[in-house]
Amino acid sequence: MFIKWCSVRGDVGLSYWLRGNVGAMIISWFLFAISGSLTFPYLSKYLHLLGASDIEIGVVRSLGSLAVLLTILPGGVLTDVIGRKRSIVIGTWGIALVQFLYAVVDDWRQFAAVYVVDWALHFYQPALTAILLDSLPPEKRGGGMMLTAVLPQIPWLFLPPVGGYLLDYMGLMGMRLSFIISGVISTSVAVLRMKALQETIQVKPLDRETLMREVAQSYIFWRGLFSIPRFVAYVTLLGFLTSLAGIALQTFGVLYATGVIGIDNTSWGVIQSATTAVGIFFGIVLMPVIDKAPRVTALFSGLMLMAVGYFMIGVWSNVVALVTAAIIVGIGGEVAMSIRRALVGDYITPENRGKIMGATLALEYLGSIAGGLTVAYLYSASPRYAFIFSGAVLLIAAAPLVKEALQAR
């Protein structure tokens with residue numbers, strides 16, 4: 001159906017994308033989505049069951065973001081030095097093994113320790129984006145990034161309610177079972193990436209002294225922002241604000257749904273699935289046209305949709321508002337993220353993409369660190385404050401685009 005639809009639109013079919021590195025990444029992210037859709041929506045509930053308070057949950061989230069921040073910056077250097085593939089394969093194997101540790105933790109402090117190790121192993125994220133940008137033709141980057149964001153999310157159509165059901169009826173054992181399944185699937189992803197990915201750059205090994213100097217300098221990540229176009233620097237800085245705002249729904253959404261609105265975990269899983277269904281539909285609709293629309297207009301629209309969604313949750317405490325807002329935020333987030341990634345591909349040369357993506361992701365995790373603490377404090381005071389705060393942050397993030405978006409029209 002999807003292939004036929006693309007042909008009618010005069011664009012390439014799905015088979016075009018399921019080849020080479022792009023196909024390997026889509027399939028591996030699809031598999032990761034199976035495991036993530038069972039566990040990720042309920043991490044905060046798992047922490048509650050393990051004895052964590054709202055503020056401690058925020059602290060755990062911040063610690064994980066700090067861990068990946070400390071590794072992702074040299075990871076941006078490593079992806080240009082040791083190669084995209086090697087970075088990805090090493091990190092994926094580490095993450096696969098860690099999933100099994102989540103299944104055996106006894107309290108929230110042990111969970112926090114595993115969580116920190118898990119996120120530290122995400123050092124290879126710059127390599128993921130770099131290998132995609134290297135493998136996508138320039139005229140299809142926006143659509144390609146949209147497809148790789150949307151298509152692997154199909155498991156989220158069905159599996160979040162399964163994870164919620166296991167949690168509702170088995171409690172802690174349900175979460176442990178979900179993590180064991182996640183470990184098995186993640187292991188298959190590691191094997192797939194090891195066998196299917198092809199290197200996209202010619203690796204030029206550095207001597208140890210030079211490599212250590214590059215790694216040390218990578219922590220001064222903001223330095224690279226002064227050498228790129230001003231608009232791309234702004235797009236990069238958006239990562240901080242969108243990540244800060246996103247903590248409210250990503251981390252505290254399940255607690256808000258079950259504790260404030262009063263629905264069960266299975267129902268929260270259904271909301272996650274509904275959000276994914278609408279997001280996939282809009283992704284399919286937007287994919288052929290997203291590269292034809294002005295980048296500024298698309299980015300502004302995505303940010304504004306997210307802001308409206310967060311304000312809805314903060315103003316109306318009911319299921320209808322929560323479901324509608326989750327869908328709106330999901331659509332806006334997919335658009336904004338795809339455009340931001342595509343802009344990096346438009347403006348930054350291949351040999352520098354690893355470093356720039358490292359800086360971009362560093363800012364995103366700085367936003368998560370700040371959000372984990374700030375939003376957790378606001379949520380503990382009043383859940384409404386946390387969501388209104390996130391909406392305001394996104395309005396501020398979109399403000400510099402108003403003039404250019406109007407001119408683009």
Side-chain angles (χ1 to χ4, degrees), residues 37-49 52-55 57-58 61 153 156-169 242-283 301-336 371-372 374-398:
S37 59
L38 288 173
T39 59
F40 185 78
Y42 309 103
L43 288 184
S44 296
K45 289 289 291 193
Y46 193 29
L47 279 163
H48 257 183
L49 291 172
S53 67
D54 291 340
I55 292 179
I57 289 171
R61 177 62 186 263
Q153 300 309 307
W156 284 78
L157 292 172
F158 313 104
L159 293 178
V162 175
Y165 177 85
L166 291 173
L167 182 56
D168 281 331
Y169 288 92
T242 55
S243 293
L244 191 157
I247 293 294
L249 199 53
Q250 292 170 6
T251 300
F252 294 99
V254 62
L255 301 181
Y256 179 82
T258 57
V260 177
I261 303 299
I263 63 176
D264 59 22
N265 293 295
T266 305
S267 298
W268 173 246
V270 172
I271 291 174
Q272 296 290 293
S273 294
T275 302
T276 302
V278 177
I280 289 175
F281 172 77
F282 275 92
S301 300
L303 293 172
M304 290 303 297
L305 282 172
M306 295 168 69
V308 169
Y310 281 111
F311 280 127
M312 286 182 65
I313 300 175
V315 173
W316 295 294
S317 298
N318 58 66
V319 175
V320 175
L322 177 61
V323 173
T324 305
I327 290 171
I328 291 173
V329 170
I331 295 170
E334 294 286 2
V335 172
T374 305
V375 175
Y377 176 79
L378 290 171
Y379 188 89
S380 66
S382 171
R384 177 170 297 181
Y385 294 160
F387 293 103
I388 291 176
F389 170 77
S390 293
V393 168
L394 289 163
L395 277 182
I396 293 171

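Along the sequence shown, residues carry numbers from 1.
- Shown are Thr266, Leu49, Thr258; of these, the side-chain contact (heavy atoms from CB on, under 4.5 Å) with Leu167 is made only by Leu49.
- Of all the heavy atoms in Phe311 and Ile388, the pair that sits closest is CE2-O, 3.6 Å.
- Listed here is the closest heavy atom pair of Tyr42 and Leu38: CD1-O, 3.6 Å.
- Checked by atom type and distance alone, the side chain of Ser37 never pairs as donor or acceptor with a backbone atom of Trp156 at under 3.5 Å.
- Using a 30° and 60° split on the angle between ring planes, Phe252 and Tyr379 fall in the parallel class, below 30°.
- Within the 3.5 Å criterion, the main-chain N or O of Gln272 finds a donor-acceptor partner in the side chain of Thr276.
- Note that NZ of Lys45 and CG of Leu255 are 6.5 Å apart. Values are rounded to the nearest 0.5 Å.
- Summarising the geometry of Met312 relative to Ala325, their closest heavy-atom pair is CB-CB, 4.1 Å, with the distance given to 0.1 Å.
- Taking the six-membered ring where the residue is Trp, the centroids of Phe389 and Tyr385 are separated by 6.0 Å or more.
- Arg384 places a side-chain N or O within 3.5 Å of a backbone atom of Gly314 that can act as its donor or acceptor partner.
- In this structure, the side chain of Ser390 engages the main chain of Ala386 through a donor-acceptor pair within 3.5 Å.
- Between Thr374 and Leu244, the closest side-chain pair of non-hydrogen atoms is not below 4.5 Å.
- Side chain of Ser380 to backbone of Tyr377: a donor-acceptor contact under 3.5 angstrom is found.
- For the pair Gly372 and Ile247, the tightest heavy-atom approach, listed with the atom from each and the gap, is N-CG1, 3.9 Å.
- Across all their heavy atoms, Tyr310 and Ala248 have their closest contact at CE2-CB, 4.1 Å.
- Considering CD of Gln250 and CG of Leu43, their distance stands at 11.0 Å, rounded to 0.5 Å.
- Residue Thr275 holds its OG1 atom at 8.0 Å from CG of Leu322, rounded to the nearest 0.5 Å.
- The CG atom of Leu394 sits 9.5 Å away from atom CE of Met304, with the distance rounded to the nearest 0.5 Å.
- For the pair Leu303/Thr242, a side-chain contact is recorded, criterion being any heavy-atom separation below 4.5 Å from C-beta on.
- Summarising the geometry, atom OG1 belonging to Thr39 is positioned 11.5 Å from atom CG belonging to Leu166; distances are rounded to the nearest 0.5 Å.
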CA sep, side-chain torsions, deciding dist, call: His48, Asp54, side-chain contact (heavy atoms from CB on, under 4.5 Å): CA-CA 8 Å; His48 257 183; Asp54 291 340; 3.2 Å; yes
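- Annotation: side chain of Thr251 is not in contact with side chain of Val375 (no heavy-atom distance under 4.5 Å).
- Under the 4.5 Å side-chain criterion, counting only non-hydrogen atoms from C-beta, Tyr256 is in contact with Ser317.
- Between Ala52 and Ile57, the shortest heavy-atom contact is CB-CG1, 4.0 Å.
- Side-chain contact between Pro41 and Val254 is absent, with no heavy atoms from C-beta onward closer than 4.5 Å.
- Leu305 is not listed as a side-chain neighbour of Val335, based on a closest heavy-atom distance of 4.5 Å or more.
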